[in-house]
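Okay, here's the structure, questions in a sec.
To find a chain, count down the sequence lines: A is the first, B the second, and so on, and within it residues start at 1.
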There are 2 protein chains.
Amino acid sequence: MGRPPAKSPGKPLAGSLDRGLLPSLLGYGLRRTQSAVFADFAATFAHAGEALTPGEFGLLVLVERNAGLSQMALARALGIDRSTLVPILDRLQARDLLVRHRSPTDGRTHALALTPFGRKALARFGRLVRAHEKRILSGLSAAETRTLIELLEKVRVSARPL
Amino acid sequence: MGRPPAKSPGKPLAGSLDRGLLPSLLGYGLRRTQSAVFADFAATFAHAGEALTPGEFGLLVLVERNAGLSQMALARALGIDRSTLVPILDRLQARDLLVRHRSPTDGRTHALALTPFGRKALARFGRLVRAHEKRILSGLSAAETRTLIELLEKVRVSARPL
DNA sequence: GGAGATTGTTTGGGGATCAAACAAATTCAG
DNA sequence: CTGAATTTGTTTGATCCCCAAACAATCTCC
């Protein structure tokens with residue numbers, strides 16, 4: 001069988017693997033960057049003694065800015081199933097960050113809102129997120145940052161609708 | 001009960017929610033874009049009657065280009081724990097895409113390799129991935145594509161609390 | 001009033017992820 | 001060479017995310 005010129009057999013060099021075409025793929029770079037950013041987010045919060053995921057932060061911001069919204073509306077905004085949202089809200093509610101009020105106008109829905117404690121916590125979280133963003137963007141100029149966010153949006157609209 | 005002609009204060013319009021500062025955050029845009037790209041990837045494969053995740057594709061490419069590597073080396077390259085890799089390889093092996101050979105030089109390790117069927121399948125997968133990449137990048141010029149991948153890499157370098 | 005739709009929840013089924021414990025094999029110290 | 005330490009793959013246990021289907025409570029519309 002036509003074998004390429006013999007390489008050192010057995011042990012591939014630690015750390016440096018042949019990634020083939022992967023580095024040229026946007027999807028690959030996106031996934032790796034996302035993973036690194038997520039890790040930086042987690043580290044930023046852990047260092048401050050807080051615990052929160054990017055998804056939870058986004059959810060809290062949405063609830064703060066749209067007080068009284070229903071779980072269905074929130075699930076739709078997050079792009080997840082309404083049944084997926086239930087345990088997430090359970091956890092946030094157990095942490096006293098938000099509450100499910102009964103809607104006075106529609107007995108089926110829950111009106112979501114931050115607790116006073118949740119509002120204070122979110123202000124704290126927001127400061128951590130800004131510090132985190134500042135760090136991951138420290139290698140980019142303001143113009144590059146704008147370009148990056150803009151290009152990501154362009155990609156998003158070209159991808160198939162969910 | 002007459003239905004109110006105007007919007008009552010509780011109901012935000014479907015789809016348009018106040019996202020506050022989220023759209024200005026790179027992490028948020030990254031997460032949403034990643035999600036859309038993932039959905040497009042899945043749709044592309046489903047449309048062709050194939051089933052594969054981006055992670056599985058990356059894994060198969062790594063094994064193809066580095067035949068004989070161990071599970072530890074692969075896990076390290078993927079940035080996941082070696083115990084996480086086990087069920088993933090089980091599934092791929094059950095689909096006859098790859099095999100765990102016994103290493104002749106080190107009885108502890110498994111030498112991973114694609115099966116002949118796996119190589120043929122990966123060639124097919126590669127064509128689907130290129131079509132998928134072409135679509136998600138259809139809104140960008142070649143220069144913009146290069147810029148995007150380059151900026152993502154810059155971010156990855158800055159986000160390194162690992 | 002009653003049929004049909006909506007909402008939140010529960011249950012069941014996939015997976016992804018890590019940590020800890022283990023057996024088998026290798027490497028290393030003495 | 002022999003026993004201790006390390007490495008590798010696996011199993012188990014714990015969270016977590018995701019969806020689909022079924023269900024009761026509630027609302028809407030005819």
Does a side-chain N or O from Gln71(B) land closer than 4.0 Å to OP1 or OP2 of dT10(D), or not?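 Looking at the OP1 and OP2 atoms of dT10(D), one of them is under 4.0 Å from a side-chain N or O of Gln71(B).
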Separation of dT17(C) P from Asp90(B) CG (nearest whole Å): 15 Å
Distance-only, no hydrogens or angles: does the Thr115(B) side chain make a donor-acceptor pair with backbone N or O of Asp96(B) under 3.5 Å? yes
Short side-chain N/O contact from Arg100(B) to OP1 or OP2 of dT10(D), under 4.0 Å: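 So the side-chain polar atoms of Arg100(B) do come within 4.0 Å of the phosphate oxygens OP1 or OP2 of dT10(D), strictly under.
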Indicate yes or no for a side-chain donor-acceptor contact from Thr44(A) to the backbone of Asp40(A) under 3.5 Å, with no hydrogens or angles considered.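 The answer is yes, because a donor-acceptor pair under 3.5 Å joins these two groups.
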Do the non-hydrogen side-chain atoms of Leu26(A) and Thr145(B) ever get within less than 4.5 Å of each other? no
Mind calculating the distance between CZ (Arg102(B)) and P (dT26(C)) to the nearest angstrom?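 Arg102(B) atom CZ is separated from dT26(C) atom P by 9 Å.
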Ring-plane angle category for His132(B) and Phe41(B), please: parallel below 30°, perpendicular beyond 60°, tilted otherwise. perpendicular
Starting at CG of Leu85(B) and ending at P of dT12(D), how long is that distance when rounded to a whole Å?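 In whole Å, dT12(D) P and Leu85(B) CG are 18 Å from each other.
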Could you state the CG-P distance from Leu74(B) to dT7(D), rounded to the nearest angstrom?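 Rounding to the nearest Å, CG of Leu74(B) and P of dT7(D) are 19 Å apart.
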Under the side-chain contact (heavy atoms from CB on, under 4.5 Å) rule, what do Val155(B) and Val37(A) come out as? Steps first, then yes or no, please. CA-CA 8 Å; Val155(B) 170; Val37(A) 167; 3.9 Å; yes
Counting primed atoms plus P, OP1 and OP2 as sugar-phosphate and everything else as base, spell out the protein contacts along nucleotides 17-22 of chain D at 4.0 Å heavy-atom distance: B, S or - for each nucleotide, 5' to 3'. SSBBBB
What is the separation between atom CG on Leu89(B) and atom P on dT8(D), rounded to the nearest whole Å? 15 Å
Which nucleotide, dT26(D), dT7(D), dT9(C), lies nearest any side-chain atom of Arg108(B)? dT7(D)
Only one of Val99(B), Leu97(B), Leu60(B) clears side-chain contact (heavy atoms from CB on, under 4.5 Å) with Leu114(B); which?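 Only one of Val99(B), Leu97(B), Leu60(B) forms a side-chain contact (heavy atoms from CB on, under 4.5 Å) with Leu114(B), namely Leu60(B).
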Check: Glu153(B) side chain, Gly29(A) main-chain N or O, donor-acceptor pair, under 3.5 Å: no
Which whole-number value in Å describes the distance from Phe38(A) CZ to dC16(D) P?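 The answer, rounded to whole Å, is 12 Å.
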Starting at NE2 of His101(B) and ending at C1' of dT8(D), how long is that distance when rounded to a whole Å?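 The answer, rounded to whole Å, is 18 Å.
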Between Met72(B) (CE) and dT6(D) (C1'), how many Å, whole number? 12 Å
